[in-house]
2 protein chains.
Amino acid sequence: MKHVVQKKYSHAVIATDVVIFTVYEEQLKVLLIKMKKKPFVGMWAIPGGLVHGKESVDEAAQRHLIEKTGVKDVYLEQLYTFGHVDRDPFGRVVSVAYFALIPNAGLKLKTTSEYDDVAWFSVAHLPKLAYDHTEILETAIQRLKAKLGYSTISYSLLPKEFTLSQLQHIYEVILGDALDKRNFRKKILSLGLLKRLGKKRSGGASRPAELYTFLKRSSLIASVL
Amino acid sequence: MKHVVQKKYSHAVIATDVVIFTVYEEQLKVLLIKMKKKPFVGMWAIPGGLVHGKESVDEAAQRHLIEKTGVKDVYLEQLYTFGHVDRDPFGRVVSVAYFALIPNAGLKLKTTSEYDDVAWFSVAHLPKLAYDHTEILETAIQRLKAKLGYSTISYSLLPKEFTLSQLQHIYEVILGDALDKRNFRKKILSLGLLKRLGKKRSGGASRPAELYTFLKRSSLIASVL
DNA sequence: CCAAAAGTGTTCCGACTACACCCATGT
DNA sequence: ACATGGGTGTAGTCGGAACACTTTTGG
């Protein structure tokens with residue numbers, strides 16, 4: 001983290017922030033890093049950093065995502081650009097914010113082993129964030145909720161094989177209220193995007209659930225609209 | 001236009017482009033300017049320019065909008081940020097694109113009197129555009145079409161008082177197909193956003209149409225989401 | 001045999017679609 | 001009187017919402 005801004009810029013510079021979401025423990029979680037810089041010491045922030053000269057803004061977002069999570073090939077979408085003059089006390093920084101969705105599979109370990117100042121927070125219990133990152137995060141949550149309704153981004157939060165209950169849990173956790181099981185299954189299956197596989201037994205003592213997979217593993221990096 | 005980029009930048013700089021729409025002559029129109037710079041001489045481009053040090057990106061977009069149209073208090077929304085490395089041959093320029101909607105009322109005159117290299121183009125018959133502006137414009141059109149369905153941005157393309165037929169024409173022109181008159185009126189009126197006024201006589205020889213106005217003249221500058 | 005989650009259909013209601021004729025004005 | 005756009009209602013269909021019991025496994 002030596003690359004971070006330490007002086008005033010005469011002209012605006014471009015940075016990117018990546019809001020990284022996952023769902024586990026029945027909650028929507030976001031990855032935050034602990035700040036070490038002067039005015040924000042001890043505060044948490046959305047991971048991000050400057051856009052280099054030889055990379056596109058998309059590539060910069062991807063790079064920051066990989067640096068923090070080690071995960072590649074995940075859903076990454078541009079969110080919004082935050083360009084207020086005083087959003088960064090170090091100088092004029094315009095930030096192109098992205099949001100990413102990653103499956104929960106064992107990710108906790110990877111990140112926390114490499115950075116001890118990185119942690120998952122439930123979006124229900126957020127600390128105060130540095131910069132305008134609270135606004136960025138709220139925008140991301142709004143967008144995520146909205147897109148659940150008319151897109152298939154929920155795919156990106158699940159492993160390749162999953163049960164309908166797992167899928168439904170994703171929706172319930174993010175939207176914050178319960179859905180009718182029968183209606184949910186009818187609707188999802190009527191879309192014709194899922195394929196049945198064999199059976200699995202979950203950890204617990206109950207009837208094994210049918211496993212499904214998505215037919216179209218389409219492009220994992222998508223653009224808005 | 002002496003402020004435009006003439007040299008390579010060592011670091012990325014931030015610009016903004018504003019896609020300005022209006023509807024008249026039964027067509028969706030976009031405002032374009034004619035380029036004078038080297039590789040694009042004679043080509044048309046979306047108006048825009050650099051973001052200054054003391055203004056937010058939103059303010060820069062507004063400024064460029066006012067410079068070209070002279071119109072204030074119109075709908076202006078951030079569209080998307082275009083950040084490919086090679087999108088500008090002069091150097092590294094990241095562009096935050098916006099789109100604006102303005103009522104058709106007599107606007108032709110204002111713009112063409114001040115700039116002879118500015119013109120309205122029907123989006124159905126576009127020239128080849130400079131930079132990646134074709135992509136920007138397509139993104140804007142997509143977004144505009146999508147938002148017609150779940151928002152009230154159509155307001156911004158009409159004068160304060162208007163007829164239901166005028167409103168319907170906006171939808172038909174932008175979406176590109178005909179709507180059922182009775183169904184359209186039922187739906188629009190059921191939203192409870194319109195107020196009836198008196199009557200008007202249109203230019204032509206036909207029954208005068210009822211005039212309506214929008215109840216909530218809410219904030220005219222809105223943000224995405 | 002009990003606990004725990006999986007799986008499965010039907011009814012009701014509201015929203016959207018399709019569709020055709022009379023009305024008020026200007027020329 | 002006629003041409004032009006303005007204005008109005010109904011029937012049919014489709015999709016979404018509400019709702020409860022049986023099944024399969026592990027302990």
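Atom set for the values below is all heavy atoms of this structure, side chains included, hydrogens, waters and symmetry mates excluded. Order of the sequence lines fixes the chain letters, A, B, ..., with proteins taken first and strands second; residue numbering starts at 1 for each chain.
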Problem - Identified side-chain contact (heavy atoms from CB on, under 4.5 Å) counterpart of A/Leu167 within the set A/Tyr155, A/Phe184, A/Tyr212 - result: A/Phe184
Exercise for the section: Under 4.0 Å from any atom of DNA chain C, heavy atoms only: list the residues of residues 185-194 of chain A that qualify, in numerical order. Expected result: A/Arg185, A/Lys186
Exercise for the section: Give the first and the last nucleotide of DNA chain D, reading 5' to 3', that has any atom under 4.0 Å from a heavy atom of chain A. Expected result: D/dA17 to D/dG26
Handout entry: Nearest-nucleotide comparison on DNA chain D, the residue closer to the 5′ end among A/Asp180 and B/Ser165
Key = B/Ser165
Practice task
Report the C-alpha separation of B/Glu26 and B/Glu172 in whole Å, then their side-chain angles, then the decisive distance to 0.1 Å, and conclude whether the side chain to side chain contact (heavy atoms under 4.5 Å, CB included) test is met.
Solution key: CA-CA 9 Å; B/Glu26 310 275 307; B/Glu172 291 179 331; over 6 Å; no
Practice task
Could you tell me whether the side chain of A/Arg182 has a donor or acceptor atom within less than 3.5 Å of a complementary atom in the base of C/dA6?
Solution key: no
Practice task
Kindly state each residue pair satisfying side-chain hydrogen bond (donor to acceptor under 3.5 Å, both in side chains) with at least one member in residues 175-187 of chain A, sequence neighbours excluded.
Solution key: A/Ser165-A/Arg185, A/Asp180-A/Asn183, A/Asn183-A/Lys186
Handout entry: Partners passing ring-ring contact (aromatic ring centres under 6.0 Å, His included) against B/Tyr98 (at least two apart in sequence or in another chain)
Key = none
Problem - Closest to side chain of B/Asn183, choosing from C/dG7, C/dT8, C/dT17 - result: C/dT17
Handout entry: Electrostatic pair B/Glu161-B/Lys200, nearest N-O below 4.0 angstrom
Key = no
Protein-nucleotides 25-27 of chain C N/O pairs closer than 3.5 Å?
residue : atom : partner  : partner atom : Å
C/dG26  : OP1  : B/Arg201 : NE           : 2.9
C/dG26  : OP1  : B/Arg201 : NH2          : 3.4

Fill in the blank from the handout: Result for side-chain contact (heavy atoms from CB on, under 4.5 Å) between A/Leu137 and one of A/Phe99, A/Phe21, A/Phe121 points to A/Phe21
Handout entry: B/Gln78 side-chain N/O to B/Ala97 backbone N/O, donor-acceptor pair under 3.5 Å
Key = no
Practice task
Nearest whole angstrom, please: distance from the P of C/dA15 to the CZ of B/Phe184.
Solution key: 18 Å
Exercise for the section: Going by the side-chain hydrogen bond (donor to acceptor under 3.5 Å, both in side chains) test, name the single residue among A/Thr81, A/Asp17, A/Asp132 that passes it with A/Ser95. Expected result: A/Asp17
Handout entry: A/Lys181 NZ to C/dA6 P, straight-line distance once rounded to whole Å
Key = 6 Å
Practice task
Can you sort out the partners of A/Lys145 under side chain to side chain contact (heavy atoms under 4.5 Å, CB included), two or more places apart, ordered by chain and number?
Solution key: A/Ile141, A/Ile174, A/Leu175
Practice task
Taking the six-membered ring of A/Tyr24 (Phe, Tyr or Trp), confirm whether the NZ or CZ of A/Lys29 is under 6.0 Å from its centre and within 45° of its axis.
Solution key: yes
Problem - Ionic contact status for A/Glu59 with A/Arg63, cut-off 4.0 Å - result: no
